Colleague: 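Okay, handing you the structure first.
Computed from a prediction, not measured in an experiment: that's the story for all the values here. Whatever order the structure lists ligands and atoms in, that order sets their numbers, starting from 1.
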Amino acid sequence: MVYRFGLIGYPISHSLSPWIHERFMEKTSTKGTYSLFEFAQQTPVEEIVKHLKSINVHGFNVTVPFKQQIMTFLDEIDPVANRTGAVNTVINKNGKWIGYNTDGVGYVRSLQDKFPNLFKMTPRRALILGAGGAARGIFTALVQVHFDQIDIANRTKEKAVAICRHANNDSQVLSFEEAEARLADYDIVIQTTSVGMKPNIEQTIITKEDFPSAVIYSDIIYQPIKTKFLQQAEKSGAPVHYGHTMLLYQAQYAFEIWTGKKPDIGMMDDELEQILKGR
Ligand code: ATR
């Protein structure tokens with residue numbers, strides 16, 4: 001069988017997904033193609049859906065600005081995607097379109113790969129900085145792997161409160177000032193805001209210089225790979241977790257949904273780091 005995969009979104013011409021999925025196909029001896037279906041921002045999703053159905057795509061990824069809009073055109077939505085409020089992966093299962101969100105699971109997989117001991121600790125406590133779509137997916141995934149405490153700090157408190165409503169583990173909502181004073185209360189602090197992303201690489205959400213060094217600091221931004229936030233953490237002697245690994249693992253989970261095969265990531269994170277550094 002020759003698979004037909006792709007990505008819908010705008011703008012996507014610089015997307016790394018074709019590289020990642022072509023490597024996965026090679027690694028698992030799967031025949032297929034992964035195409036970029038770039039549609040202008042205002043394109044009615046009906047039109048995109050019509051096109052994808054006409055070419056009989058087996059599975060596709062979804063990115064900005066269609067992650068929410070696609071949901072009304074699906075036959076079924078996985079509970080995690082429903083709770084996250086966004087779909088980034090769709091499988092065409094014998095004509096039935098089913099939507100998933102692989103970000104949260106991908107994030108947790110990348111963490112399990114780099115920091116397996118974190119998952120042996122009890123209690124396990126996480127602080128998420130930010131309360132956007134990515135934070136929501138990560139929060140849901142951390143609940144699923146039984147984190148005992150998951151707190152959120154966000155500029156707009158209501159958004160953090162809305163995410164915490166899904167938990168029954170006494171999640172607290174903090175301001176960034178409170179978060180900064182309480183970093184040592186957590187095993188991992190996960191930066192999910194867009195602050196520090198290229199071109200604003202001098203910005204950071206936590207302004208103090210010295211971070212408690214027994215905490216893992218994670219940033220989901222991958223441009224740049226080493227954000228100011230992670231530089232601060234490294235300078236303090238703390239362990240860090242880079243954002244580009246999440247990209248690989250969320251794609252691995254998508255590939256698994258489409259083909260039933262789980263490709264080995266191997267050295268792909270080093271290769272991806274080199275690609276990103278060259279950009
Ligand atoms: P994503 O899907 O990548 O999570 P998003 O849903 O737009 O993107 O969320 C962006 C996050 O970055 C939000 O938590 C946002 O804070 P608000 O909820 O208050 O808007 C946060 N963010 C963006 N710019 C920020 C800034 N300058 N200061 C603080 N937080 C910021």
Colleague: Ignoring hydrogens and geometry beyond distance, is a side-chain donor-acceptor pair present between Gln149 and Asp151 at under 3.5 Å?
Modeller: yes

Colleague: Less than 4.0 angstrom from a charged side-chain N to a carboxylate O is my criterion; do Asp103 and Lys67 meet it?
Modeller: yes

Colleague: Residues around ligand 1, heavy atom under 4.0 Å from any ligand atom, sorted by chain and number. Can you pull those?
Modeller: Gly130, Ala131, Gly132, Gly133, Ala134, Asn154, Arg155, Thr156, Lys159, Thr193, Ser194, Val195, Ile205

Colleague: Would one find more than 12 heavy atoms of other residues, nucleotides or ligands at under 6.0 Å from atom NZ of Lys27?
Modeller: yes

Colleague: Going by the side-chain contact (heavy atoms from CB on, under 4.5 Å) test, name the single residue among Asp219, Val195, Thr192, Thr227 that passes it with Ile205.
Modeller: Val195

Colleague: Determine whether the side chains of Asn61 and Ser17 contain a donor N or O and an acceptor N or O closer than 3.5 Å.
Modeller: no

Colleague: Taking the basic N atoms (NZ, or NE/NH1/NH2) and the acidic carboxylate oxygens, is any pair closer than 4.0 Å for Glu76 and Lys93?
Modeller: no

